[in-house]
Amino acid sequence: MNTFKKEERLNSKKTIQCLFASGKSFFNYPFKVYYLLSDANSSTSTAILFSVGKRQFKKAVDRNKLKRLCREAYRLNKSALIKKIKEKEKHMDIAVVFVGKSIPEYKEIEQKTKKYLEHLSSIV
RNA sequence: UUGGCUAUUCGCUCUAUCGCUAUUCCGCUUUUGUGGAAGAGAGGAAAGUCGGGACAACGCAGGACGCCAUACUUCCUAACAGGAAGGUAUUUCGUGCAAACGGAAUAACAGCUAGUGCAACAGAAAGUAUUCCGCCUAAGAUUGUUUUCGAACAGUACGGUAAGGGUGAAAUCGUGGAGUAAGAGCCCACGCCUGUUUAUGCGAAUAAACUUGAGGUAAACCUUAUGGGUUGUAAGACCAAAUAUACCGGGAAUUUUUUGCUUCGGCAAGAAUAGAGGCUUGUCCGGCCAAUCCCGGAGGGUAGGUUGCUAGAGCUUCGGAGCGAUUCGUAGCCCAGAUAAAUGAUAGAGGUUCUACUUAGUAGAAAACAGAAUCCCGCUUAUAGAAUAGCCAAAAAU
RNA sequence: UGACCCAUGGUGUAACUGGCAACACGUUUGAUUUUGGUUCAAAAGAGUCCAGGUUCGAGCCCUGGUGGGUCAA
């Protein structure tokens, strides 16, 4: 099922700081992706957060909309990555930062999301 | 009919699939987790944080001052810098010969007759008025001439004069008359304005009579009246986990210490508790502040959860009170509660507006401002488009 | 979420208690020099973030907005 529960989201201050400090990153315009691989220690295999900067988008409406679109795209396309990580018995923290300066269409976001998910699964 | 302004109301709807957030019910397992079902899930401004409350914590009691806010009147409200009704002033439109009346808009609309201050440049003078130009020579002063030695005539300003000129944003009430040497609210009439009294009105005020003649500026200091303690839900309360012992509060018991004498029980003298200093809402008054033991809190560390948290100055219907803001009663309803941040995506149908084709259908396009974070009441700002009412303007028809 | 501050030539700052918006650097032109720099002489460049109001007169006072920044954790 294409669910997206709270456990799959990254919401601890400590782990987020750890991720940005010691995680690796790559660009895939309009996204910048941070990730950190570790051994499996919890029930879930991935935890992700989406971020849109206040500098690019001043209005809260735009930021909310972008985050929702990104989350929707991830929810519908994440199954392949999770499967692969589960086989290897690992855990991955991911942070996706939106770097672009205009709001793209949903289809465009979906394509880019697929790309970076493929990249991540190849790393695993 | 079109356009503008003001006020009020609304600000896309429905269906399917896949999700997210909490709630209720059922099943399985049962600390909890998991599966299914049901109905619910951003706004008129959620924004700005500009007023005002609710709620909470804090101060060692209390008082004075300071500071801040408000400012025509009455009413409404939990309260307000909000609203309603009314008054006054200004602007504007209409009617009218005019006086005036009516409509609309705007107003930080208490007090310079409480005190202090300020007014560049220009100008004589910017505030107890004053003589730069001008005007006058009546009285007094002074110069000259004449002289019947009483004075007369002609000048003058160091005399009189604020009517006129010029300067300025502003020049000591305005217009007309009387008056005078020339002039002046010096006097008179009308007007404006200040105060008092009377009448009407709850009141702001209005009207009449008498009186006064006094420049502007309070979004200058200030005065008067009224109100305000300060800080804010990241306030605060609780649980779990964690635990060296600085510091603080409360209670208990005593005074303590130095030197000298001693019969070792005490006695005598001095010092400390005074002052200074510190703490206490912005200041002052005022208040509190030595050491030992016990109890409690707190610091450090760990950084999670619960609560506060959403049933309320709540919404809707009907009826009453009031010009109105608003309020009273009755019946019904439950309407977001997230926490690195839920309220979304896709597809289809319909409605609205615009454009094109063409003549009532087809095709295409568009849909603003904007996202809860303790909650309410207002204000301000942003806003595609739609509806209703009033006013204004233009055009057309009758 | 709450509290608060600032905005003036291209840049950095002034402007007392409302009265001609000033200074430095930079820019341009000329002189000096074989040329450049230094130095000297001159010139241009703003109407004070925006919109209203008070006032005879606002950079300054008042109101509303815009943009930027600071603090509390």
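No experiment lies behind these values; they were computed from the predicted model shown. Proteins come first, then strands; the chains are lettered A, B, ... in the order of their sequence lines, and each starts at number 1.
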Colleague: Atom CG of A/Asn64 to atom C1' of B/C20: distance rounded to whole Å?
Modeller: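 For the pair A/Asn64 CG and B/C20 C1', the rounded distance is 14 Å.
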
Colleague: Side chains of A/Leu120 and A/Phe26: closer than 4.5 Å at any heavy-atom pair?
Modeller: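 Result yes, sub-4.5 Å side-chain heavy-atom pair found.
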
Colleague: Expressed as a whole number of angstroms, how long is the span from A/Asn77:CG to B/C18:P?
Modeller: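 It works out to 17 Å between those atoms.
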
Colleague: Report yes if the side chains of A/Asp93 and A/Tyr35 come closer than 4.5 Å at any heavy-atom pair, otherwise no.
Modeller: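 Side-chain contact under 4.5 Å: no.
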
Colleague: By nearest nucleotide on RNA chain B, pick out whichever of A/Lys107 and A/Ala60 is the more 5' one.
Modeller: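 Nearest-nucleotide comparison on RNA chain B picks A/Lys107.
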
Colleague: Is there a side-chain contact between A/Arg71 and the phosphate of B/C20, meaning an N or O under 4.0 Å from OP1 or OP2?
Modeller: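 Looking at the OP1 and OP2 atoms of B/C20, neither is under 4.0 Å from any side-chain N or O of A/Arg71.
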
Colleague: From the list B/A347, B/A345, B/G371, which nucleotide is the closest neighbour of the side chain of A/Arg68?
Modeller: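 Of B/A347, B/A345, B/G371, B/G371 is nearest to the side chain of A/Arg68.
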
Colleague: I need the CG-P distance between A/Leu76 and B/C20, as an integer number of Å.
Modeller: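 Rounded to whole Å, this separation is 11 Å.
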
Colleague: Mind checking ring-ring contact (aromatic ring centres under 6.0 Å, His included) for A/Tyr116 and listing every partner two or more places apart, or none if nothing turns up?
Modeller: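 A/Tyr116 satisfies ring-ring contact (aromatic ring centres under 6.0 Å, His included) with A/Phe31 only.
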
Colleague: Taking CZ from A/Phe50 and P from B/A342, how many angstroms apart are they, rounded to a whole number?
Modeller: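 After rounding, the gap between these two atoms is 12 Å.
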
Colleague: Using a 90° cut-off around 0 for syn, call B/G329 syn or anti.
Modeller: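 Anti for B/G329; the angle lies over 90° from 0.
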
Colleague: Pull out every stem in RNA chain C, meaning runs of 3 or more consecutive Watson-Crick or G-U wobble pairs with both distances under 3.5 Å.
Modeller: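 Looking at RNA chain C, the stems formed by three or more consecutive pairs are C:1-7 with C:66-72, C:10-13 with C:22-25, C:27-31 with C:39-43, C:49-53 with C:61-65.
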
Colleague: Compare the minimum distances between each of B/C18, B/A345, B/G371 and the side chain of A/Tyr106, then state the nucleotide with the smallest one.
Modeller: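 Nearest to the side chain of A/Tyr106 among the choices is B/A345.
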
Colleague: Please work out if A/Lys67 contacts a base, only the sugar-phosphate, or nothing of the nucleic acid, heavy-atom cut-off 4.0 Å.
Modeller: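 It contacts nothing in the nucleic acid.
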
Colleague: Check the chi torsion on B/G277 and let me know: syn if it falls within 90° of 0, anti if not.
Modeller: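 B/G277: anti glycosidic orientation.
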
Colleague: Using O4'-C1'-N9-C4 for purines and O4'-C1'-N1-C2 for pyrimidines, with syn meaning within 90° of 0, is B/U310 syn or anti?
Modeller: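 For B/U310, whose glycosidic angle is within 90° of 0, the conformation is syn.
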
Colleague: Take atom CG of A/Leu49 and atom P of B/U339, then tell me their distance rounded to the nearest Å.
Modeller: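 Distance, rounded to whole Å: 15 Å.
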
Colleague: Pull up the glycosidic torsion of B/A214 and say syn or anti, syn being anything within 90° of 0.
Modeller: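 For B/A214, whose glycosidic angle is within 90° of 0, the conformation is syn.
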
Colleague: Can you measure A/Tyr74 atom OH to B/G19 atom C1' for me and round it to whole angstrom units?
Modeller: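 After rounding, the gap between these two atoms is 14 Å.
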
Colleague: Counting only side-chain heavy atoms from C-beta out, which of B/G344, B/G371, B/A345 sits nearest to A/Leu69?
Modeller: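 Closest of the options to the side chain of A/Leu69: B/A345.
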
Colleague: Could you check A/Glu72 against A/Val61 and say which one's nearest nucleotide on RNA chain B is further toward the 5' end?
Modeller: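 Of the two residues, A/Glu72 wins.
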
Colleague: Without decimals, in angstroms, what is the distance between A/Arg75 CZ and B/U343 P?
Modeller: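 It is 11 Å, rounded to the nearest whole Å.
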
Colleague: Can you tell me the pairing partner of B/U167 across any strand shown, Watson-Crick or G-U wobble, with both distances under 3.5 angstrom?
Modeller: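 Its partner: none found.
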
Colleague: Give one of base, sugar-phosphate or nothing for A/Arg63, where a contact means two heavy atoms less than 4.0 Å apart.
Modeller: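 The residue A/Arg63 makes no contact with any strand.
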
Colleague: Can you check the A/Lys65 NZ to B/G371 C1' distance for me, whole Å?
Modeller: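 Atom NZ in A/Lys65 sits about 12 Å away from atom C1' in B/G371.
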
